[in-house]
Amino acid sequence: NQYYMDKGVLKKQFWKDRLNDIPDPEYIHHSVLACSKDVWEKLHLMHVTLIHKHVNVERDNVLDLACGYGRLAKYFNNYIGVDLSPDLLAIAKQNNSTKIFLEGDGRSLPFKNKEFDWTIIVSLKVMIVNNCGDKVWSEIEKEILRVSNKCLVLEYGHLLPESSGVYRSPNF
């Protein structure tokens, strides 16, 4: 029996409240991770560097699961972002008008089998396991494996870029 504390991360209101708590639009990253701007910029650079190392951003068809406000959308030609928060998706659409964003839950994705070359997830695995448990993560992982050929799992580590990195499930 795994201990976890459900903080409501699978509820739309949780993310609406997170957005409402942001003091300034310049700190939109606080909606997904409350950290200093300096740390956020380092994490973002690390994530983009890893993406370019593993994914052909010009050609590959990419699903960004739990895309939040769409910060990674501009780096891909063939991109679909999915998030369960309509509030975060509204920001994503406003900032990336040429990209596709859909409201959805990672446990039941509206895509064909192996429709994507890659699914990118940022801090989703740790957040789900810590807040909802292994069973919910297993449901999401099963869907990722169904709709994608590969998955790039990026985590925040302990807010230190050198401790973050790529997680590869034996299934990916």
Side-chain angles (χ1 to χ4, degrees), residues 1-19 21 29-35 39-40 43-44 46-48 50-51 53-55 60-73 75-76 79-89 92 100-172:
N1 292 3
Q2 177 182 336
Y3 170 80
Y4 64 90
M5 173 87 77
D6 184 359
K7 297 176 185 168
V9 299
L10 293 177
K11 295 182 173 81
K12 294 174 187 181
Q13 189 62 45
F14 176 89
W15 298 103
K16 184 182 209 67
D17 293 344
R18 292 280 296 244
L19 274 172
D21 288 343
H29 69 274
H30 282 217
S31 65
V32 293
L33 180 66
C35 66
V39 167
W40 183 251
L43 287 168
H44 180 74
M46 180 197 65
H47 289 164
V48 171
L50 287 167
I51 286 167
K53 178 179 177 182
H54 295 281
V55 180
D60 289 346
N61 192 19
V62 173
L63 170 64
D64 184 0
L65 183 58
C67 66
Y69 61 91
R71 77 173 168 106
L72 298 176
Y75 298 103
F76 302 100
Y79 173 96
I80 294 179
V82 171
D83 201 281
L84 58 80
S85 168
D87 300 296
L88 286 168
L89 288 170
I100 298 170
F101 294 96
L102 303 172
E103 186 177 330
D105 186 314
R107 296 171 289 182
S108 177
L109 296 168
F111 305 112
K112 296 181 225 165
N113 292 346
K114 303 301 180 194
E115 186 168 336
F116 297 94
D117 297 306
W118 286 92
T119 292
I120 307 265
I121 58 173
V122 179
S123 195
L124 182 64
K125 182 179 194 268
V126 168
M127 180 187 61
I128 292 297
V129 169
N130 288 347
N131 293 286
C132 305
D134 289 324
K135 182 178 183 284
V136 174
W137 170 250
S138 293
E139 294 170 3
I140 294 169
E141 186 177 47
K142 182 179 175 183
E143 273 296 273
I144 292 169
L145 291 168
R146 183 184 66 77
V147 302
S148 302
N149 290 309
K150 300 175 193 166
C151 182
L152 186 60
V153 180
L154 302 168
E155 295 294 347
Y156 296 135
H158 292 90
L159 300 184
L160 300 173
E162 56 272 12
S163 71
S164 300
V166 178
Y167 163 82
R168 286 192 178 266
S169 162
N171 299 321
F172 295 130

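Small disclaimer: the values here were computed from a predicted structure and weren't measured.
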Original post:
Which heavy atom in Pro86 sits nearest to a heavy atom in Glu103, and how many Å separate them?
Top reply: CB-OE1, 3.6 Å
**OP:** Quick one: closest heavy-atom pair of Gly106 and Leu65, and the distance?
**Re:** CA-CD1, 4.0 Å
Original post:
Sequence neighbours excluded, which residues qualify as side-chain contact (heavy atoms from CB on, under 4.5 Å) partners of Ala92?
Top reply: Phe101
Original post:
Charged N to carboxylate O below 4.0 Å: is that the case for Lys142 and Glu139?
Top reply: no
Original post:
Listed by chain and number, what are the side-chain contact (heavy atoms from CB on, under 4.5 Å) partners of Lys114, not counting sequence neighbours?
Top reply: Asn149
**OP:** Indicate the atoms forming the closest heavy-atom contact of Asp83 with Ala66, along with that distance.
**Re:** OD2-C, 3.2 Å
**OP:** Taking side-chain contact (heavy atoms from CB on, under 4.5 Å) as the test, write out the residues that go with Leu102, two or more places apart.
**Re:** Ile80, Val82, Ile100, Phe111
Subject >> Polar side-chain atom of Ser85 near backbone of Leu88 as donor-acceptor pair, under 3.5 Å >> reply: yes
Subject >> Distance-minimising heavy-atom pair for Val32 and Tyr69 >> reply: CG2-CE2, 4.1 Å
Subject >> Side chain to side chain, Lys11 and Leu84, heavy atoms closer than 4.5 Å >> reply: no
**OP:** Report yes or no: does Arg71 contribute a side-chain atom to a donor-acceptor pair with the main-chain N or O of His29 at less than 3.5 Å?
**Re:** no
Original post:
Which value, rounded to the nearest 0.5 Å, describes the distance between Leu72 atom CG and Ile51 atom CD1?
Top reply: 4.5 Å
Original post:
Which value, rounded to the nearest 0.5 Å, describes the distance between Leu124 atom CG and Thr119 atom OG1?
Top reply: 10.5 Å
Subject >> Residues in side chain to side chain donor-acceptor pair (under 3.5 Å) contact with Asp64, at least two apart in sequence or another chain >> reply: Tyr79
**OP:** With sequence neighbours excluded, tell me which residues meet side-chain contact (heavy atoms from CB on, under 4.5 Å) with Asp60.
**Re:** Val55, Asn56, Val62, Asp117, Trp118
Subject >> Pairwise side-chain contact, Lys150 with His54, heavy-atom cut-off 4.5 Å (strictly under) >> reply: no
Original post:
Taking only residues two or more places apart in sequence, or in another chain, which ones meet Arg107 in a side chain to side chain donor-acceptor pair (under 3.5 Å)?
Top reply: Asp105
Subject >> Spatial distance of atom CG (Leu43) from atom SG (Cys35) [nearest 0.5 Å] >> reply: 6.0 Å
Subject >> Straight-line distance of Asp87 CG to Arg18 CZ, nearest 0.5 Å >> reply: 13.5 Å
Subject >> Euclidean distance, Asp134 CG relative to Glu141 CD, rounded to 0.5 Å >> reply: 10.0 Å
Original post:
Would you say the side chain of Ser123 lies within less than 4.5 Å of the side chain of Leu33, judging by non-hydrogen atoms?
Top reply: no
Original post:
Would you say the side chain of Cys67 lies within less than 4.5 Å of the side chain of Leu89, judging by non-hydrogen atoms?
Top reply: yes
Original post:
Any side-chain heavy-atom pair from Leu63 and Leu109 closer than 4.5 angstrom?
Top reply: yes
Subject >> Inter-residue atom distance Ile140.CD1 - Leu10.CG, 0.5 Å rounding >> reply: 6.5 Å
